[in-house]
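Step one of this worksheet: look at the structure below.
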Amino acid sequence: MSETVDARGLSCPQPVLDTLAKIAAMGSGEIEVLVDTEASKENVARAAQGKGWRVESITEDNGEYRLMLAGG
């Protein structure tokens, strides 16, 4: 079962901070992150990879991005 971080409408660095907090709380598993800017997408992906998590997929729909992260 995956957890979700809905960071749509938030300015950087908040999407990154929310994602890192979820990574720290979970330790392992799957996280779905929703963002609505290209910068947030790139920053969240980079931060997750920096913590050893994999970006399994990134999809875009009408300017909103869905990142699936896996770690542990």
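Side-chain atoms are counted along with the backbone in the values below, which use heavy atoms only and exclude waters and symmetry mates. Source: prediction; values computed, not measured.
Rounding to the nearest 0.5 Å places CG of L10 at 10.0 Å from OG1 of T37. If you take CG on L34 and CG on L67, they are separated by 8.5 Å, rounding to the nearest 0.5 Å.
Looking at heavy atoms from C-beta onward, L69 lies out of side-chain contact with E30 at the 4.5 angstrom threshold. Looking at V5 and I31, their side chains come closer than 4.5 Å, going by heavy atoms from C-beta outward. In this structure, the side chains of I23 and W53 come closer than 4.5 Å at one or more pairs of heavy atoms.
Note on residues 63-72: pairs passing salt bridge (charged side-chain N to carboxylate O under 4.0 Å, His left out), not counting sequence neighbours, are R8-E64, E32-R66. Pairs engaging residues 41-50 under the salt bridge (charged side-chain N to carboxylate O under 4.0 Å, His left out) rule: E38-K41 [sequence neighbours left out]. Residue pairs meeting the salt bridge (charged side-chain N to carboxylate O under 4.0 Å, His left out) criterion with at least one partner in residues 13-25, sequence neighbours excluded, are E3-K22.
Under the 4.5 Å side-chain heavy-atom criterion for Ile, Leu, Val, Met, Phe, Trp and Tyr, V55 and V44 are members of the same hydrophobic cluster. A continuous path of Ile, Leu, Val, Met, Phe, Trp and Tyr side chains, each step under 4.5 Å between heavy atoms, connects M26 with V33, placing both in one hydrophobic cluster. Cluster membership for L20 and Y65, using ILVMFWY side-chain heavy atoms within less than 4.5 angstrom, is shared.
The minimum heavy-atom distance between P15 and S40, with the atom names listed, is CG-OG, 3.7 Å.
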